[in-house]
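In what follows, a single structure is set out as structure tokens and then discussed.
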Amino acid sequence: MIQFFNVSKFYPNGVKALVGATLHIEKGEFVFLVGPSGAGKSTLIKLIFREELPTKGQIYVGGRSIIRMKRRDVPHLRRQIGMVFQDFRLLPDRTVFENVAFAMQVVGAGPQEIKRRVPEVLELVGLKERAQMYPRQLSGGEQQRVAIARALVNKPTLLIADEPTGNLDMDTSWEIINYFQEINRRGTTVLIATHAREIVDTLRQRVIALDRGRVVRDEHQGVYAHAT
Amino acid sequence: MIQFFNVSKFYPNGVKALVGATLHIEKGEFVFLVGPSGAGKSTLIKLIFREELPTKGQIYVGGRSIIRMKRRDVPHLRRQIGMVFQDFRLLPDRTVFENVAFAMQVVGAGPQEIKRRVPEVLELVGLKERAQMYPRQLSGGEQQRVAIARALVNKPTLLIADEPTGNLDMDTSWEIINYFQEINRRGTTVLIATHAREIVDTLRQRVIALDRGRVVRDEHQGVYAHAT
Amino acid sequence: MLMQLRMALYVFQEAFRSLRRNGWLNFAAAGTTAVSLFVLGIAVLLVVNTNYISKTVESNVEIMAYLDRGLDQNDLKAIRTQIEATPGVKEVRFISKEEALATLAKRFGKESKLKESLGGTNPLPDAFRIRMSEPRQVASAAASINRLPGVEKVRYGQGVVEKMFKLTAWIRLISMVVMGLLGVCSVFLIATTIRLTMFARRREISIMKWVGATDWFVRWPFLLEGMILGAAGALVAVAVLGFSYSALTGKLQEVLAFLPVVRDYRVLIHLFEGLFTAGIGLGLVGSFISVHRYLRV
Amino acid sequence: MLMQLRMALYVFQEAFRSLRRNGWLNFAAAGTTAVSLFVLGIAVLLVVNTNYISKTVESNVEIMAYLDRGLDQNDLKAIRTQIEATPGVKEVRFISKEEALATLAKRFGKESKLKESLGGTNPLPDAFRIRMSEPRQVASAAASINRLPGVEKVRYGQGVVEKMFKLTAWIRLISMVVMGLLGVCSVFLIATTIRLTMFARRREISIMKWVGATDWFVRWPFLLEGMILGAAGALVAVAVLGFSYSALTGKLQEVLAFLPVVRDYRVLIHLFEGLFTAGIGLGLVGSFISVHRYLRV
Ligand SMILES: Nc1ncnc2c1ncn2[C@@H]1O[C@H](COP(=O)(O)OP(=O)(O)OP(=O)(O)O)[C@@H](O)[C@H]1O
Ligand SMILES: Nc1ncnc2c1ncn2[C@@H]1O[C@H](COP(=O)(O)OP(=O)(O)OP(=O)(O)O)[C@@H](O)[C@H]1O
Ligand SMILES: [Mg+2]
Ligand SMILES: [Mg+2]
């Protein structure tokens with residue numbers, strides 16, 4: 001599903017956010033991406049998503065090269081990916097419902113389908129009664145859950161979530177993670193960047209650890225951190 | 001330091017974010033504010049900070065009524081409070097250094113003082129080498145730490161942090177929390193809204209729990225949640 | 001087919017949703033468009049009218065051809081035919097020496113008794129008064145008429161007419177230049193405002209791209225919105241302009257009936273159509289260019 | 001004292017920092033100011049010039065006072081004195097009947113032998129030609145001169161002169177109205193643009209307030225910035241306007257020496273000062289009002 005070959009990302013101001021990363025994530029895997037703040041987790045995700053282009057190396061997503069991809073093919077790449085952004089990226093002048101519906105409109109879904117599916121996912125993240133509110137009227141956790149709902153609504157083949165539980169309490173976090181596991185069981189590849197040690201340690205899934213831009217650990221049934 | 005007398009906050013769209021909250025926080029206390037997503041933690045904080053006005057009830061901060069306060073006295077209130085916002089609220093067209101320095105300029109600090117103090121707090125949150133970068137060039141955790149540095153820079157008498165470790169790894173979170181404890185020991189009142197169960201349970205400080213707008217628990221040496 | 005229809009529906013819904021929700025931005029864009037087109041419209045009306053007035057003034061230029069004495073009717077007829085054949089001549093009128101003397105006597109007043117003091121003789125010659133359809137040819141026409149046998153002398157206010165032509169040419173030039181400048185200014189203002197409104201919504205645009213929207217999917221509603229705002233602004237400008245112009249010229253013609261102003265409704269409708277089209281076009285092109293800058297994510 | 005100084009320093013630093021970093025917003029604001037003031041300047045120049053031309057044309061109005069026959073030098077002197085005492089009269093010139101006849105003869109051409117055919121008699125009267133310093137008083141002056149003993153008749157192109165006054169009055173009125181409209185439009189455009197730039201920075205403004213800044217602490221740098229942008233825009237407008245106007249009128253006076261245009265540099269400098277002040281003022285007031293809306297947090 002995702003292949004990184006010796007990928008480096010140096011930002012124009014000289015920060016080396018990712019250095020020589022090589023990794024392979026197969027279809028149907030469930031992967032945690034961990035590492036201290038500033039380790040390069042979001043950068044790695046932005047590269048998959050083609051929000052940034054790598055300085056060096058080659059990246060394949062779903063068998064296609066990100067680097068050689070034409071500009072007009074980028075939307076198709078993004079539509080395959082359900083993405084939860086660390087900073088949410090909700091449309092400020094649209095309601096919760098419209099924000100989620102927008103992701104469906106983008107892939108050409110019809111009004112009936114939208115009317116059926118959107119309340120479904122809002123229910124799932126516990127925001128059914130918030131459907132007509134605007135992002136600025138929501139609590140931090142509620143905004144985060146809207147972002148999650150939007151990522152799920154199109155049943156993507158690849159789900160990427162950048163710190164999806166940073167603003168959520170434990171119970172809600174577990175609900176979300178359990179749902180991620182469920183869609184993973186149904187075949188969706190899941191990649192989660194997180195600091196939630198408790199969750200990572202409980203689930204014992206594959207863990208990729210970054211530190212200062214380098215992949216320092218990649219183990220199946222891993223934990224958040226080895227005792228140091 | 002902070003007194004709430006039967007405070008309620010109903011937003012114009014009918015959401016009852018806070019219902020009849022009464023609580024007292026003494027000078028020098030260290031308080032965790034916990035509760036599920038949407039419970040009203042940020043609302044409570046916004047009321048102290050006079051970002052929102054309560055629908056009902058009376059609030060005193062530092063002995064002064066928030067409700068009767070004149071518009072031109074609000075800045076003075078805010079300058080006493082070091083505030084870490086859940087959504088960071090950094091100035092986008094200023095560097096990390098300038099963002100932190102701005103909080104000092106606001107209280108009339110001189111250039112020498114600023115040049116001395118800002119690198120000090122940036123060091124503290126581990127962002128000294130990021131001083132000349134802009135917020136959009138920072139990782140989520142780095143932005144959060146800038147917000148923390150800005151809250152600390154004026155050595156406030158009251159420190160309020162809304163989810164200050166949501167984007168931070170465990171090690172960094174602990175460093176920050178330890179520092180909060182230290183300034184608390186030196187006399188600063190600290191109020192932290194958080195979902196970080198591990199931290200709350202370890203420190204065993206006073207815990208105020210909210211649920212659906214109501215204060216449901218207020219205990220000294222409390223924990224994140226009782227087994228249910 | 002279903003997709004196309006759905007897309008069209010989406011575009012319209014989105015455009016109107018955005019119009020409803022971005023009240024203040026829309027007002028700024030439509031207001032600026034209205035003001036700019038209004039200013040441009042004033043300039044165009046000034047140009048049209050100075051042109052029209054210049055033309056009217058110019059076409060009042062006339063040539064007097066004074067004739068030799070003692071010509072008979074046949075001679076006069078021959079000369080007239082020849083004058084009428086001269087290029088640019090519109091109208092030829094014969095003014096007998098008696099008519100000329102009567103006019104002159106009237107100018108001196110009844111009391112001056114010009115005729116009596118002349119003692120029956122009339123020192124004035126017969127003449128043709130010639131109006132030009134093409135005033136710019138007055139000099140060449142006068143020269144060729146002067147060469148006709150039987151024409152003693154030709155007068156057309158030499159000097160003054162040339163000056164007048166120069167003046168009207170300059171007035172035209174200046175008003176065209178002013179119009180051109182105002183046109184450029186209008187385009188700048190409208191483009192700037194649309195760019196500013198897009199700037200205020202740049203994050204929105206990039207979020208759409210991040211969620212997987214194609215460029216056109218993002219662009220279409222903005223284009224429609226731009227068109228609608230441009231049209232709304234243009235409509236206001238045209239309405240205000242049309243109303244105040246017709247009121248003003250109406251009043252003007254009452255008071256100054258002799259002043260030629262353009263009241264030909266075809267010309268005005270043409271102008272207003274032009275402004276309207278310009279409004280829509282500017283809105284469209286403006287939003288196209290502006291949205292483009294924020295699509296590259 | 002130290003605080004004040006520090007504050008002033010801060011304000012200047014902030015304003016210039018912001019000018020440096022918000023390039024595109026600043027360009028929009030300064031550009032709009034420049035364009036608006038340029039348009040306004042064109043309008044003012046048009047008004048000033050139409051006014052000036054109208055006045056020149058009006059002051060060319062003259063009264064002919066035809067005299068009775070057989071007046072002697074003393075009579076003439078007495079009449080002249082009385083005419084000169086009439087309010088609004090600027091200049092009086094005596095035109096003898098010989099002079100009048102010579103002029104007339106010249107109009108008919110040498111060949112017409114007017115004088116001979118008149119046989120030594122001269123049917124024309126003596127006259128005074130009167131120029132007015134106050135052309136609007138021409139009618140009343142003519143009437144009172146007409147009542148003087150020895151004056152037979154007075155002519156001043158009755159009808160035409162009244163028409164001309166009406167016309168120039170209307171031209172003035174219209175150009176003033178156009179100028180007024182353009183003025184309002186300029187203010188609207190500049191205000192809108194500044195509001196839009198503030199709108200784009202509204203979050204910044206509220207963050208400052210949340211960090212504990214007082215209204216004035218937030219406001220001052222914006223005000224200074226607004227003033228600088230307004231001044232920059234005005235400077236561009238004035239430079240372009242001044243340069244093109246002097247080039248144009250220079251050329252114009254070469255070609256059309258008879259056309260009166262304002263080249264009095266004091267008037268122009270006055271105008272340019274006005275535009276400059278307007279630019280600064282609008283920048284200041286615009287940012288004051290616009291920043292105000294976003295301070296209430
Ligand atoms: N646009 C940018 N320009 C310059 N440097 C950047 C940019 N974006 C990120 N960086 C830098 O790259 C490094 C890695 O950033 P990244 O966002 O990938 O970290 P992260 O692992 O997601 O951290 P966090 O857990 O705090 O979100 C950081 O040190 C950051 O300062
Ligand atoms: N401006 C607003 N207008 C309307 N409703 C609002 C507004 N702000 C917050 N709310 C609602 O009030 C409730 C409490 O919000 P608040 O932000 O206080 O929650 P919170 O405890 O901070 O949650 P979180 O942990 O998710 O940040 C939420 O249900 C939210 O939807
Ligand atoms: Mg990150
Ligand atoms: Mg909150």
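The analysis underlying the following values was restricted to heavy atoms, covering all of them including side chains, and did not include hydrogens, waters or symmetry mates. In what follows, chains are A, B, ... by sequence order, proteins preceding strands, each numbered from 1. In this text the structure is predicted, and so the values were computed from the model without any measurement.
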Query raised in the report: Looking at side-chain heavy atoms only, is the closest gap between B:T172 and A:H195 below 4.5 Å?
Result: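 No, too far: nothing below the 4.5 Å cut-off.
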Are there more than 12 heavy atoms of other residues, nucleotides or ligands under 6.0 Å from atom [atom1] of [X]?
X      : atom1 : value
B:R214 : CZ    : no
B:Q221 : CD    : no
A:R197 : CZ    : yes

Residue [X] versus chain B: region with a heavy atom under 4.5 Å:
X      : value
A:Y224 : side chain
A:E198 : side chain
A:Q137 : side chain
A:E142 : both

Query raised in the report: Atom CG of B:D169 and atom CD of A:E163: how far apart are they, to the nearest 0.5 Å?
Result: 9.5 Å
Report task. Mind ranking A:G166, A:A39, A:S173 by heavy-atom pairs under 4.5 Å with chain B and telling me who comes out on top? Result -> A:G166
**Report entry** Heavy-atom closest pair, residues A:S139 and B:S37
**Finding:**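 Looks like OG-OG, 3.8 Å.
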Query raised in the report: So which of B:D87, B:D171, B:V15 has the biggest tally of heavy-atom pairs under 4.5 Å with chain A?
Result: B:V15
